[in-house]
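These notes concern the structure reproduced below.
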Amino acid sequence: MELVLKIVLVIASLGLIAVVLLQPGKSSGLSGAISGGAEHLFGKQKARGLELFLSRLTIGLAVAFFVLSLVVAYFVKQA
């Protein structure tokens, strides 16, 4: 059981890394914040399509990673 959970944890972590790297940048750095590009940070434009899907997938994978990490730590402590 512990081995299966560790494998699922590795898959979730690799998926989380991939999804985060696939997301486009939300701002153009410091120069964008100074010149008024910071409006995008506060939700003036809503995400649609692929960006919304990647955002929700990131949240789901992050929750799964966190929960799996706690479960695996609990099983390792029991052994």
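In terms of hydrophobic clustering, with Ile, Leu, Val, Met, Phe, Trp and Tyr side chains grouped at heavy-atom distances under 4.5 Å, Val10 and Val20 are assigned to different clusters. Hydrophobic clustering (ILVMFWY, side-chain heavy atoms < 4.5 Å, transitive): Leu22 and Leu52 are in distinct clusters. Two different hydrophobic clusters hold Ile17 and Phe66 under the rule that ILVMFWY side chains link at heavy-atom gaps under 4.5 Å. Residue Met1 is not grouped with residue Leu70 when hydrophobic side chains (ILVMFWY) are merged at heavy-atom distances under 4.5 angstrom, including chains of intermediate members. Under the 4.5 Å side-chain heavy-atom criterion for ILVMFWY residues, no single connected hydrophobic cluster contains both Leu16 and Leu14.
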TODO: Report the C-alpha distance between Lys6 and Val76 in whole Å, list the side-chain angles of each, state the deciding distance to 0.1 Å, and finish with yes or no for side chain to side chain contact (heavy atoms under 4.5 Å, CB included).
DONE: CA-CA 10 Å; Lys6 285 182 180 180; Val76 168; 4.3 Å; yes

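Under the side chain to side chain contact (heavy atoms under 4.5 Å, CB included) criterion, Leu57 pairs with Val19, Phe53, Leu61, not counting sequence neighbours.
Remark: side-chain polar atoms of Ser55 are not paired, donor with acceptor, to backbone N or O of Glu51 under 3.5 angstrom.
Considering only heavy atoms from C-beta on, Leu5 stays 4.5 Å or farther from Leu9 through its side chain.
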